[in-house]
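Treat the numbers as computed from the prediction; the structure is a model and nothing was measured.
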Amino acid sequence: MKIHHPRPSALLRASLALALVLSSAAAWAQEQGGQFVTRGGITVHYAAINTTDVPAATATALGITRSASQAILVLNGQRPGDDGALQSIPLQAEGSIENLVGQAKAFAPRTVQEADTWYLIAPFRIADGEQLRFDLQVRAEGAQSTIPVRFQQAFYRPR
């Protein structure tokens with residue numbers, strides 16, 4: 001007897017790949033001491049990765065250009081639910097990304113939802129060896145105040 005396993009759709013494969021990339025970014029952040037900010041019971045996890053680290057199918061599904069001169073900012077918000085378990089929540093963000101001489105990098109955050117998990121993603125341009133300062137104001141859905149997210153990171157093009 002032959003068992004038929006239907007081939008997953010391109011969107012499903014891309015969704016799974018995105019989850020893998022974002023969980024990898026989160027794992028990397030944890031290894032680096034955890035990249036998150038908590039305020040008022042809301043935790044905002046953040047990571048910035050080169051788009052060349054995003055699988056091609058995922059990048060296509062999300063409309064992200066994979067390029068050695070482009071990176072992506074990923075934000076995820078969580079708050080405790082009624083049962084105490086952390087639940088993902090939608091976020092909004094604004095602010096600036098600048099290099100050390102004050103040149104601004106354009107970025108436009110947009111929301112991505114994967115099942116019960118919400119991400120805010122924002123591609124931006126990078127130069128090899130560039131150190132960038134991120135100064136963001138993040139607002140969780142339903143929150144009155146913003147959460148400041150500030151960090152610096154150097155970006156290197158893959159060789």
Side-chain angles (χ1 to χ4, degrees), residues 8-39 42-79 86 88-141 143 146-159:
S9 70
L11 183 57
L12 177 60
R13 287 191 312 272
S15 296
L16 293 173
L18 173 65
L20 177 62
V21 167
L22 297 177
S23 63
S24 295
W28 178 84
Q30 278 298 100
E31 288 176 13
Q32 303 303 309
Q35 288 186 234
F36 64 91
V37 175
T38 301
R39 179 173 287 173
I42 297 170
T43 300
V44 176
H45 296 267
Y46 58 91
I49 60 173
N50 289 30
T51 57
T52 53
D53 293 333
V54 178
T58 302
T60 299
L62 294 173
I64 298 169
T65 301
R66 294 177 76 234
S67 168
S69 61
Q70 189 161 330
I72 188 166
L73 173 67
V74 180
L75 301 170
N76 170 260
Q78 296 179 332
R79 74 164 50 118
L86 291 177
S88 182
I89 54 174
L91 300 173
Q92 296 176 339
E94 57 184 34
S96 64
I97 301 173
E98 296 180 345
N99 63 19
L100 296 181
V101 295
Q103 295 170 321
K105 301 288 182 169
F107 74 109
R110 60 186 171 93
T111 302
V112 174
Q113 183 181 9
E114 289 296 321
D116 293 332
T117 304
W118 297 84
Y119 298 99
L120 200 61
I121 63 172
F124 56 94
R125 306 283 299 169
I126 58 172
D128 191 33
E130 188 170 40
Q131 179 85 18
L132 297 178
R133 285 185 282 225
F134 296 77
D135 187 0
L136 309 169
Q137 294 299 318
V138 179
R139 183 181 309 276
E141 182 177 72
T146 60
I147 299 170
V149 174
R150 295 182 182 96
F151 66 101
Q152 288 190 55
Q153 184 171 325
F155 293 86
Y156 299 94
R157 292 185 179 165
R159 305 241 182 253

Notebook entry, point to check: How far apart are the C-alpha atoms of Arg139 and Thr146, what are their side-chain angles, what is the distance that settles it, and do they pass the side-chain hydrogen bond (donor to acceptor under 3.5 Å, both in side chains) test?
Noted result: CA-CA 5 Å; Arg139 183 181 309 276; Thr146 60; 5.4 Å; no
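- In this structure, the separation between OG1 on Thr117 and CD on Gln78 is 8.0 Å, given to the nearest 0.5 Å.
- Side-chain contact between Gln131 and Glu98 is absent, with no heavy-atom pair separated by less than 4.5 Å.
- Looking at heavy atoms from C-beta onward, Pro109 lies out of side-chain contact with Gln92 at the 4.5 angstrom threshold.
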Next item on the list: Mind running side chain to side chain contact (heavy atoms under 4.5 Å, CB included) on Ile42 and Arg79 for me, showing each step along the way?
Entry: CA-CA 5 Å; Ile42 297 170; Arg79 74 164 50 118; 3.3 Å; yes
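- Rounding to the nearest 0.5 Å places CG of Leu91 at 7.5 Å from CD1 of Ile147.
- With a 4.5 Å cut-off on side-chain heavy atoms, Asn50 and Pro158 count as touching.
- Between the side chains of Ser88 and Asp116, no donor-acceptor pair is found at a separation under 3.5 Å.
- For Phe36 against Tyr46, the heavy-atom pair with the smallest separation is N-CE2, 3.5 Å.
- Judged by distance alone, with hydrogens and angles left aside, the side-chain atoms of Gln113 form a donor-acceptor pair with the main-chain N or O of Ala115 at under 3.5 Å.
- Just one residue in the list Val37, Thr38, Asn76 forms a side-chain contact (heavy atoms from CB on, under 4.5 Å) with Thr43, and that residue is Thr38.
- At least one side-chain heavy atom of Arg110 sits less than 4.5 Å from a side-chain heavy atom of Leu62.
- Between the side chains of Thr51 and Arg66, no donor N or O sits under 3.5 Å from an acceptor N or O.
- Partners of Ala71 by side chain to side chain contact (heavy atoms under 4.5 Å, CB included), not counting sequence neighbours, listed by chain and number: Phe124, Ile126, Phe155.
- Using a 4.5 Å cut-off on side-chain heavy atoms (C-beta onward), Leu73 and Leu136 make contact.
- Scanning all heavy atoms of the two residues, the minimum distance from Ala93 to Val138 falls at CB-CG2, 4.1 Å.
- Taking CD of Gln103 as the reference point, atom CD1 of Ile97 lies at 14.0 Å (rounded to 0.5 Å).
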Item checked: Chi angles and distances behind the side chain to side chain contact (heavy atoms under 4.5 Å, CB included) call for Gln153, Glu130 -> CA-CA 8 Å; Gln153 184 171 325; Glu130 188 170 40; over 6 Å; no
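- What you find for Phe134 and Ala48 is that their closest heavy atoms are CZ-CB, 4.1 Å.
- Here the closest heavy-atom approach between residue Ala127 and residue Arg157 is recorded as CA-NH2, 3.9 Å.
- By the 4.5 Å heavy-atom criterion applied to side chains, Trp118 and Thr111 are counted as neighbours.
- Ile49 contributes atom CD1, which lies 10.0 Å from atom CD1 of Ile121 (distance to the nearest 0.5 angstrom).
- Between Leu100 and Arg133, the closest heavy-atom pair is O-NH2, 3.3 Å.
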